[in-house]
Amino acid sequence: MSLAFDEFGRPFIILREQEQKTRLRGLDAQKANISAGKAVARILRTSLGPKGMDKMLQSPDGDVTITNDGATILEQMDVDNQIAKLMVELSRSQDYEIGDGTTGVVVMAGALLEQAEKLLERGIHPIRVAEGYEMASRIAVEHLERVAHKFEFSLNDVEPLVQTCMTTLSSKIVNRCKRSMAEIAVNAVLAVADLERKDVNLDLIKVEGKVGGKLEDTELIYGIIVDKDMSHPQMPKQIEDAKIAILTCPFEPPKPKTKHKVDIDSVEKFQTLRLQEQKYFDDMVQKCKDVGATLVICQWGFDDEANHLLMHRNLPAVRWVGGVELELIAIATGGRIVPRFQELTPEKLGKAGIVREKSFGTTKDSMIYIEHCANSRAVTIFIRGGNKMMIEETKRSIHDALCVARNLIHNNSIVYGGGSAEISCSIAVEAAADKHPGVEQYAIRAFADALDSVPMALAENSGLQPIETLSAVKAQQIKENNPCCGIDCNDVGTNDMREQNVFETLIGKQQQLLLATQVVKMILKIDDVISPSEY
């Protein structure tokens with residue numbers, strides 16, 4: 001640290017315990033920060049695009065995650081460096097806001113940092129670089145507005161939505177049945193969407209997974225699945241036109257509180273006690289029958305005696321259902337959650353067309369399907385797959401597809417994928433750089449170069465010659481003035497993304513550019529890093 005002297009020449013301390021702190025300042029600090037940001041981007045670079053690789057992450061307690069989703073990779077990586085943490089935050093905010101494009105946004109930020117490093121070495125002030133980047137990102141976002149297309153779809157014609165979801169899923173592990181997955185995602189979103197308000201509540205879509213079966217068995221259920229079975233094996237497995245009582249009160253006789261005990265000194269007294277319990281119970285069951293319930297779903301358990309009685313009174317029941325599931329069942333069936341038996345009324349019962357128990361494979365596993373509900377605004381996507389990791393990854397992929405469909409309902413503008421939007425922005429930014437006098441134009445040009453990194457990574461991951469492919473596509477875009485030319489990752493034989501049906505949402509792309517620029521500006525403005533040194 002720096003040492004300072006007072007007017008008598010005595011040294012004094014500025015920072016507490018300064019010999020235990022390390023300090024980087026000036027250009028060194030910026031370079032260290034930039035290299036940390038680039039390191040994170042380099043990890044994600046290989047998992048961009050349809051030919052991207054997956055990453056396998058092991059958590060401290062031995063759980064293994066295999067994923068392609070940028071936000072998940074960064075969440076699971078235990079990052080220590082502060083700047084790398086910023087990159088993790090960056091992909092997380094893209095995930096919250098848009099849901100898709102989490103890898104691209106980090107690759108973009110890494111490329112911007114790389115270009116900034118060259119400018120800083122030439123002696124350009126970091127603030128000027130940041131301002132140039134800000135101007136360039138504004139130009140790029142406006143240019144995206146111009147090249148975007150409006151996408152018309154209706155409830156009868158959902159093909160455009162399905163095509164866009166397929167683009168999202170093509171870079172995931174599920175791409176062999178991306179068509180059916182995309183259709184499931186779109187139908188689920190349209191089932192819960194409020195098209196007048198252009199609003200979609202994704203909480204109403206429940207994604208359940210069960211190991212076994214194959215990916216193609218994944219289905220969309222207009223209703224709810226509960227991973228429980230009927231409490232007694234002899235209860236009916238299928239109930240039509242069910243009226244469901246949803247209870248959060250325990251279904252058992254009252255217990256004496258802790259400090260009390262009941263003394264029984266004769267058989268008669270024991271009999272009386274037993275009869276009393278049974279009567280208490282009969283009343284409970286009768287209450288449910290009187291309101292007209294044909295199925296009881298209970299948050300708590302009940303003992304075997306209760307089970308036996310329910311069975312004899314022909315009242316099927318499901319026990320130990322979680323709170324979230326209860327809420328979803330209540331939304332779907334239009335019922336009310338009843339906290340006390342006294343409050344049960346016929347109006348509070350939920351209605352479902354059919355409730356059935358379905359068992360899987362040769363195991364004892366079975367689940368309860370509640371379908372054809374009164375209010376079909378809650379749907380479930382039920383995923384099957386060979387192992388747990390596959391199902392977890394499919395859940396993440398489906399989540400991305402759901403978010404894309406939601407964004408398209410919010411705002412139906414799209415740009416073309418395959419790196420075509422980035423190349424087109426790069427050309428526009430490059431052209432605009434000459435109009436700016438002063439040092440900023442270097443930064444604007446650097447932004448244009450950084451935009452090329454996404455198509456370059458796409459080409460690299462697809463095993464093409466990155467620089468040749470990129471320059472060929474760029475030349476084609478300029479020659480034909482066609483912003484739809486991108487990298488042909490899947491070897492279809494055409495660079496025109498309209499023919500390949502590769503689309504991305506406009507708001508997703510704009511958000512990527514804006515978020516990446518903001519984070520890079522923030523990193524460039526840091527010129528002094530004071531940190532406690534390692535022992």
Side-chain angles (χ1 to χ4, degrees), residues 184 187-188 191 204-213 216-248 251 284-302 304 306-322 324-338 344 346-384:
I184 286 175
N187 290 336
L204 295 175
I205 301 176
K206 186 172 172 228
V207 185
E208 272 282 331
K210 191 103 175 141
V211 177
E216 284 82 359
D217 296 341
T218 301
E219 53 184 340
L220 174 66
I221 289 140
Y222 291 97
I224 301 287
I225 294 188
V226 190
D227 193 359
K228 298 276 177 260
D229 43 11
M230 295 290 184
S231 59
H232 195 291
Q234 287 172 332
M235 285 178 180
K237 298 279 181 255
Q238 183 162 338
I239 306 163
E240 289 179 12
D241 295 328
K243 293 195 174 52
I244 304 173
I246 305 169
L247 304 174
T248 54
F251 213 118
M284 279 175 148
V285 177
Q286 202 48 49
K287 227 174 235 150
C288 293
K289 297 285 279 191
D290 289 345
V291 228
T294 54
L295 171 66
V296 178
I297 291 183
C298 190
Q299 189 173 6
W300 304 103
F302 27 81
D304 293 342
N307 218 346
H308 173 77
L309 272 168
L310 283 169
M311 161 63 206
H312 275 281
R313 303 277 183 288
N314 278 337
L315 187 59
V318 184
R319 52 182 166 184
W320 301 120
V321 178
V324 184
E325 289 171 337
L326 272 186
E327 278 176 27
L328 276 172
I329 292 172
I331 292 172
T333 58
R336 297 279 297 277
I337 296 179
V338 182
L344 252 181
E347 297 81 68
K348 293 188 179 175
L349 297 181
K351 295 179 184 55
I354 181 169
V355 177
R356 59 197 173 95
E357 186 182 307
K358 183 177 174 190
S359 50
F360 296 102
T362 53
T363 52
K364 293 270 193 312
D365 274 353
S366 54
M367 289 177 130
I368 288 180
Y369 285 54
I370 302 174
E371 291 173 300
H372 307 305
C373 303
N375 169 13
S376 64
R377 292 299 289 271
V379 297
T380 306
I381 298 176
F382 184 49
I383 296 172
R384 306 302 308 274

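Residues Arg384 and Lys210 are in side-chain contact: their nearest non-hydrogen atoms beyond the backbone lie under 4.5 Å apart. Counting only heavy atoms from C-beta outward, the side chains of Ile244 and Val296 never approach each other to under 4.5 Å. At least one side-chain heavy atom of Ile383 sits less than 4.5 Å from a side-chain heavy atom of Ile381.
For the ring pair (Phe, Tyr, Trp, His ring centres under 6.0 Å) test, no residue two or more places apart in sequence or in another chain qualifies with His372. For Glu327, the side chain to side chain donor-acceptor pair (under 3.5 Å) criterion is met by no residue, not counting sequence neighbours. Under the rule for a side chain to side chain donor-acceptor pair (under 3.5 Å), Glu240 has no partner lying at least two apart in sequence or in another chain. Qualifying salt bridge (charged side-chain N to carboxylate O under 4.0 Å, His left out) partners for Asp241, counting only residues two or more places apart in sequence or in other chains: none. Looking at residues two or more places apart in sequence or on another chain, you find no salt bridge (charged side-chain N to carboxylate O under 4.0 Å, His left out) involving Arg336. By the side chain to side chain contact (heavy atoms under 4.5 Å, CB included) test, Gln234 pairs with His232, Met311, sequence neighbours left out. In this structure Gln238 satisfies the side chain to side chain donor-acceptor pair (under 3.5 Å) test with no other residue, sequence neighbours excluded. Contacts of Lys243 classified as salt bridge (charged side-chain N to carboxylate O under 4.0 Å, His left out), with partners at least two apart in sequence or in another chain: none. With sequence neighbours left out, Phe382 forms a ring pair (Phe, Tyr, Trp, His ring centres under 6.0 Å) with Phe360. Applying the salt bridge (charged side-chain N to carboxylate O under 4.0 Å, His left out) rule to Lys206 yields the partners Glu208, Glu325; only residues at least two apart in sequence or on another chain are considered. Every residue was checked against the side chain to side chain donor-acceptor pair (under 3.5 Å) condition with Gln299, not counting sequence neighbours, and none meets it.
Pairs of residues two or more places apart, or lying in two chains, that qualify as side chain to side chain donor-acceptor pair (under 3.5 Å) and include a residue from residues 307-320 are Ser231-Asn307, Asp282-Arg313, His308-His312.
When all heavy atoms are compared, the tightest approach of Ala242 to Thr294 is CA-OG1, 3.4 Å. The minimum heavy-atom distance between Val285 and Leu310, with the atom names listed, is CG2-CD2, 3.8 Å. Between Gly223 and Thr380, the shortest heavy-atom distance links the atoms O-OG1, 2.7 Å. Of all non-hydrogen atoms in Ile224 and Ala332, the two that sit nearest each other are CG1-CB, 3.8 Å. Scanning all heavy atoms of the two residues, the minimum distance from Ala245 to Ala293 falls at CB-CB, 4.0 Å. Taking every heavy atom of both residues into account, Asp227 and Ser366 meet most closely at OD1-O, 4.0 Å.
Atom CG of Asp290 and atom CG of Leu344 lie 10.0 Å apart (nearest 0.5 Å). Taking CD1 from Ile370 and CD1 from Ile221, the interatomic distance works out to 11.0 Å, rounded to the nearest 0.5 Å. One distance of note links CG of Leu247 with SG of Cys288; it measures 5.5 Å at 0.5 Å rounding. The line from CD1 of Ile337 to CG of Leu326 is 5.5 Å long, rounded to the nearest 0.5 Å. A distance of 5.5 Å separates CD1 in Ile225 from CE in Met367, rounded to the nearest 0.5 Å. How far CD1 of Ile297 is from OG1 of Thr248: 13.0 Å, rounded to the nearest 0.5 Å.
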Lys228 and Val318: side-chain contact (heavy atoms from CB on, under 4.5 Å), yes or no, with the steps?
-> CA-CA 7 Å; Lys228 298 276 177 260; Val318 184; 3.8 Å; yes
Please walk me through it: do Thr333 and Ile246 pass side-chain contact (heavy atoms from CB on, under 4.5 Å)?
-> CA-CA 10 Å; Thr333 58; Ile246 305 169; 4.1 Å; yes
Hey, mind stepping through Ile368 and Met230 against side-chain contact (heavy atoms from CB on, under 4.5 Å) and telling me if it holds?
-> CA-CA 8 Å; Ile368 288 180; Met230 295 290 184; 4.3 Å; yes
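Looking at Glu371 and Arg356, a side-chain N of the basic residue comes within less than 4.0 Å of a carboxylate O on the acidic one, giving a salt bridge.
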